[in-house]
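Read through the structure below, which is laid out as structure tokens, and then see the notes.
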Number of protein chains: 2
Amino acid sequence: MARTTPQTHGEILAAAARRFAATGYRGTSLQDIATEVGCSKAAVLYHFANKEAILTELMAPAIEVLRSLDDRIADQPGPAAAQRVAAEGFVDLAVRFRGEIALLRGEFPELLQQPDFAHIQQISERLIDALAGQPERASARITALVLLAGIAETCGQFADVPDQELGDALLALLRRALEPPAH
Amino acid sequence: MARTTPQTHGEILAAAARRFAATGYRGTSLQDIATEVGCSKAAVLYHFANKEAILTELMAPAIEVLRSLDDRIADQPGPAAAQRVAAEGFVDLAVRFRGEIALLRGEFPELLQQPDFAHIQQISERLIDALAGQPERASARITALVLLAGIAETCGQFADVPDQELGDALLALLRRALEPPAH
DNA sequence: CACTGATCTGACCGATCGGTCAGCTCTGAC
DNA sequence: GTCAGAGCTGACCGATCGGTCAGATCAGTG
């Protein structure tokens with residue numbers, strides 16, 4: 001079965017993305033991925049140190065963009081500007097990386113525990129604060145959390161909606177729903 | 001270790017609820033539940049046919065209320081009334097059963113596949129249509145789906161917020177965010 | 001007393017999991 | 001021709017999973 005294929009690394013990544021999207025990270029075994037690629041499970045583990053390394057590499061681009069969004073939010077002069085940048089940046093992130101986000105499929109809580117993703121939790125916390133505008137108000141925090149989780153959880157289901165249309169709908173939703181920061 | 005305890009059934013339910021809430025359905029083994037109760041894994045399976053039966057019994061009250069909400073929505077004369085009833089009913093459901101909903105922890109997709117929960121998917125579909133108001137508009141459907149998923153995903157995290165306050169915040173969010181049905 | 005049925009246990013089952021390992025094959029450099 | 005190393009395989013490992021089963025224990029009944 002073996003070919004002269006040094007591109008197997010990429011094939012494994014693509015296959016893993018498909019399987020994770022279909023059955024989740026936990027619900028996908030290394031054997032599932034190997035079968036989809038058409039190689040042995042040992043070959044998968046030859047190209048990747050372990051199962052988590054596959055997910056880490058798949059999520060790397062999205063995480064990098066999330067991190068830069070975090071920086072941009074921190075640079076804003078006030079809560080109103082921070083809220084606007086957070087909303088637009090998060091929608092852009094959700095639309096562009098909806099495929100990657102879909103891989104996590106509600107396993108955020110468990111996966112965020114893992115060391116490779118530890119800092120994501122803190123970034124999410126700051127993102128929620130920025131979206132809430134006035135994070136000291138409970139209702140503002142609830143609103144921000146619901147919207148963030150809802151978009152993260154569902155954006156992967158809109159694979160057939162064009163980027164522009166999805167982005168417009170989500171941004172309009174955020175503008176309607178978010179409470180403006182205290183003046 | 002054995003006691004004269006016919007209330008073990010209830011203890012197992014309570015322990016399972018705690019473990020499911022902490023580590024999810026998949027992330028909780030029968031041994032975990034047995035250890036928490038202080039009995040053997042075989043004792044757990046004496047009181048319940050299998051692991052799924054525990055979850056089914058835990059979710060039964062919430063599912064019953066969801067089903068009656070579905071009926072009430074169907075009885076409404078028009079889309080505007082249906083949207084209002086759907087919003088109020090769903091918020092009430094989310095607040096009252098946030099503990100039970102939290103158990104699912106993002107495993108909705110997998111769990112809904114199981115035969116015991118098959119009809120839940122159809123109810124959810126009708127609930128989204130009612131919330132969307134004008135389900136033929138893509139943006140209205142996206143809005144409804146994001147809000148429904150967001151509330152379902154996060155309401156379990158607000159265990160410390162009083163029912164009244166949480167309900168008010170969620171209902172206010174829905175009223176702001178949902179697009180009114182075509183006149 | 002004997003007996004029954006409910007409750008519960010420890011040992012066990014087959015399946016599957018992530019991961020390891022010795023060794024095979026093939027390519028390219030010398 | 002020889003050798004090194006990248007790529008890959010099948011066999012295997014220990015752990016854990018959900019679930020089964022024969023039998024022990026005990027309360028209640030006659």
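Model, not experiment: these values are computed from the prediction. Numbered from 1 within each chain, the chains take letters A, B, ... in sequence-line order.
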Check your understanding: Quick one: is B:Thr8 getting a side-chain N or O under 4.0 Å of the C:dC8 phosphate, OP1 or OP2?
Key -> yes
Review point. Got a sec: does the CD of B:Gln164 have more than 12 other heavy atoms crowding it under 6.0 Å?
Key: no
Check your understanding: Whole Å only: how far is the CZ atom of B:Phe48 from the P atom of D:dT20?
Key -> 15 Å
Revision key, fill the gap. In whole angstroms, the gap separating C1' of C:dC8 from CD of B:Gln7 amounts to 14 Å
Check your understanding: Under a 4.0 Å N-O cut-off, is there an ion pair linking B:Arg67 with B:Asp71?
Key -> no
Point to revise | A:Tyr46 side-chain N/O to D:dG7 phosphate OP1/OP2 under 4.0 Å | key: yes
Practice item. Just compare D:dC8, D:dT9, C:dT7 and give me whichever is closest to any side-chain atom of A:Ser40. Key: D:dT9
**Study point:** Geometric cation-pi criterion A:Lys51 and A:Tyr25, 6.0 Å radius, 45° cone
**Key:** yes
Review point. How does each nucleotide of nucleotides 11-19 of chain C score, in 5' to 3' order, for protein heavy atoms under 4.0 Å: base (B), sugar-phosphate only (S), or none (-)?
Key: ------SBB
Point to revise | Salt-bridge criterion met for B:Asp163 and B:Arg96 (N-O under 4.0 Å) | key: no
Revision key, fill the gap. Sorted by chain and residue number, the side chain to side chain contact (heavy atoms under 4.5 Å, CB included) partners of A:Ser124 (sequence neighbours excluded) come out as A:Ile120
Exercise for review: Select one nucleotide: of D:dT9, D:dG7, C:dC8, the one nearest the side-chain heavy atoms of B:His47.
Suggested key: C:dC8
Review point. Given atom NE2 of A:His9 and atom P of D:dG7, what is their separation to the nearest angstrom?
Key: 11 Å
Point to revise | Sidechain N-carboxylate O distance under 4.0 Å for B:Arg141, A:Glu165 | key: no
